2 protein chains.
Amino acid sequence: MVTNTKNNHEMKCPVSAMIGLIGGKWKPIILYCLRSETRRFGEIAARIPHISRKVLTEQLKELERDGLISRQQFNEIPPRVEYTMSEVGKSLSPIIQEMEKWGQQYIIDRQ
Amino acid sequence: MVTNTKNNHEMKCPVSAMIGLIGGKWKPIILYCLRSETRRFGEIAARIPHISRKVLTEQLKELERDGLISRQQFNEIPPRVEYTMSEVGKSLSPIIQEMEKWGQQYIIDRQ
DNA sequence: TGTATTAGTTACCATTTCGTTACCATTATT
DNA sequence: AATAATGGTAACGAAATGGTAACTAATACA
C-alpha cells in the first residue's frame, strides 16, 4: 500500500487517497480499536496482538499526521499517552461500516 | 470489524480484506477505468499513463482472481483481450463512490 | 524480406513496508 | 541498589511491492 501522496496520480484520485489513509496491514484494526473509546498506547498494543511497538508507533503517527486521530500526552511518570478518534476520523465511520458489511458478505460468498 | 477479539485474531478483518482487494497503487484507477465500459488491455494501458505493462498485467490478474473483473480472450492475431467489471465488482460501486466523495472533501479540507 | 501489431513474460533492481531485538528516560517501590 | 512501569527509539534485516528494459508468438501487410 502506498500511503504518501508524492505521486501525482494518487493525489488526483480521491479513492487512492482514502485508501492511503486507512489502508495497510494494521490501520483498520487500530481505527476499530479507537472507534468509540479513548485508549492509551499500551491498551491499544494489548488489544492488537502481534503488532510490534515500532509499527504501532509508526501507524499512530501517520493516523495523527493525517488528522484521523489525536494524541494527548500527559507529563507523568511513568508516561501516559492517550489516543482518540478525531471528528474527521469519526466522519469515516459510516463508510467503514459499509466496507465491513461488504467485506463480510464477500468472505461468505467466496467460501 | 471482527478481527481483534482474543479468540479469532487470526481471522482476517473484512475491512482489511476489502482494502486488500481494491488497494494498492493502481487498482482504484483500473476499476475506475472499467466502471462502465469493457476495455481491451491496450485501452486500459493508454488511459492510465505511467503504468507499466508488467504491473498492469499483475493487477488485472489479481482483480480477476478476486472476482472483481472478468477477462475474455479472443483467439485472433494480433491478440485481443477484453476486461469487464463483474457483478461482484459492480456491487462495490456505491462504496467506491462514497469513498470518492469523502476523499474529495478530505482533500479540500486539508488544503 | 522486413516491419507493425497486441498482449503479454522474464530477469533484474529499487523502494516501501513490516518485523525483531535491544535499548532509553524517569520515578516509585521494594 | 535493583526492579517495574510506560511509551517509545535505533539498528538491522526480510518480505512485499513497484519499475525498467528486453524479449516473445503469430499473422497481415508493404
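To find a chain, count down the sequence lines: A is the first, B the second, and so on, and within it residues start at 1. Only a predicted model underlies this, so the values are computations on that prediction, with no experimental measurement involved.
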Practice prompt. Kindly compute the distance separating CH2 (W26(A)) from CG (L56(A)), expressed to the nearest 0.5 Å.
Written response: 9.5 Å
Discussion item. Could you walk me through whether T84(B) and Q72(B) satisfy the side-chain contact (heavy atoms from CB on, under 4.5 Å) test, starting with their C-alpha distance in whole Å, then the side-chain angles of each, then the deciding distance to 0.1 Å, before giving a yes or no?
Written reply: CA-CA 8 Å; T84(B) 312; Q72(B) 191 179 6; over 6 Å; no
Worksheet item: For S52(A), which residues count as a side-chain contact (heavy atoms from CB on, under 4.5 Å) partner, sequence neighbours excluded?
Response: K54(A), V55(A)
Practice prompt. Give the rounded distance in Å between these two atoms: CZ of R40(B) and P of dT6(C).
Written response: 7 Å
Discussion item. Using a 4.0 Å cut-off on heavy atoms, which residues in residues 59-68 of chain B reach DNA chain C? List them by number, or say none.
Written reply: K61(B)
Response to the item:
Separation of dT20(D) atom C1' from L56(B) atom CG, nearest Å, is 15 Å
Discussion item. Going by side chain to side chain donor-acceptor pair (under 3.5 Å), name the residues that satisfy it together with E37(A), two or more places apart in sequence or in a different chain.
Written reply: none
Worksheet entry | Whole-Å gap separating C1' (dT6(C)) and CD (E43(B)) | 12 Å
Discussion item. Measure CZ/F41(A) against C1'/dG7(D) and give the value in whole Å, please.
Written reply: 6 Å
Discussion item. Restricting to non-hydrogen atoms, name the atom on G67(A) and the atom on V88(A) that form the minimum distance, rounded to 0.1 Å.
Written reply: O-CB, 3.6 Å
Fill in: R71(B) vs dG8(C): side-chain N/O to OP1/OP2 distance below 4.0 Å
yes
Are any protein N/O atoms closer than 3.5 Å to N/O atoms in nucleotides 19-22 of chain C? If there are, list each pair with its distance.
residue : atom : partner : partner atom : Å
dG19(C) : OP1  : K25(A)  : NZ           : 2.5
dG19(C) : OP2  : W26(A)  : NE1          : 2.8
dG19(C) : N7   : K54(A)  : NZ           : 2.9
dG19(C) : O6   : K54(A)  : NZ           : 2.2

Response to the item:
Whole-Å distance, N75(B) CG to dA7(C) P, equals 13 Å
Worksheet item: To the nearest 10 degrees, what angle separates the axes at the start and end of the helix from dT1(C)-dA30(D) to dT30(C)-dA1(D), five pairs each?
Response: 30°
Worksheet, complete the sentence: Separation of dT26(C) atom P from Q73(A) atom CD, nearest Å, is 13 Å
Less than 3.5 Å apart, which donor and acceptor atoms pair up between the side chains of residues 57-66 of chain B and the rest of the protein, not counting sequence neighbours?
residue : atom : partner : partner atom : Å
T57(B)  : OG1  : R53(B)  : O            : 2.7
E62(B)  : OE1  : K27(B)  : NZ           : 2.7

Worksheet item: Do side-chain atoms of S70(B) reach the backbone of S86(B) as a donor and acceptor pair under 3.5 angstrom?
Response: no
Worksheet entry | side chain to side chain donor-acceptor pair (under 3.5 Å) against E82(A), all qualifying residues, sequence neighbours excluded | R80(A)
Worksheet item: Base, sugar-phosphate, or nothing: which does Y83(A) touch, judged by heavy atoms less than 4.0 Å apart?
Response: sugar-phosphate
Worksheet, complete the sentence: Residue set satisfying side chain to side chain donor-acceptor pair (under 3.5 Å) with Y83(B), at least two apart, ordered chain then number -> R71(B)
Worksheet item: Using a cut-off of 4.0 Å between protein heavy atoms and nucleotide atoms, how would you tag nucleotides 22-30 of chain D 5' to 3' with B, S and -?
Response: ----BS---
Worksheet item: When rounded to the nearest 0.5 angstrom, what distance separates CD1 in I69(B) from CG in L31(B)?
Response: 7.5 Å
Quiz: residues 92-104 of chain B side-chain donor-acceptor pairs under 3.5 angstrom, not counting sequence neighbours:
residue : atom : partner : partner atom : Å
S93(B)  : OG   : K90(B)  : O            : 3.1
W102(B) : NE1  : S91(A)  : OG           : 3.0

Discussion item. Just verifying a value: how many Å separate R39(B) CZ and I30(B) CD1, rounded to the nearest 0.5 Å?
Written reply: 13.0 Å
Discussion item. For N75(A), give me all partners under side chain to side chain donor-acceptor pair (under 3.5 Å), at least two apart in sequence or on another chain.
Written reply: none
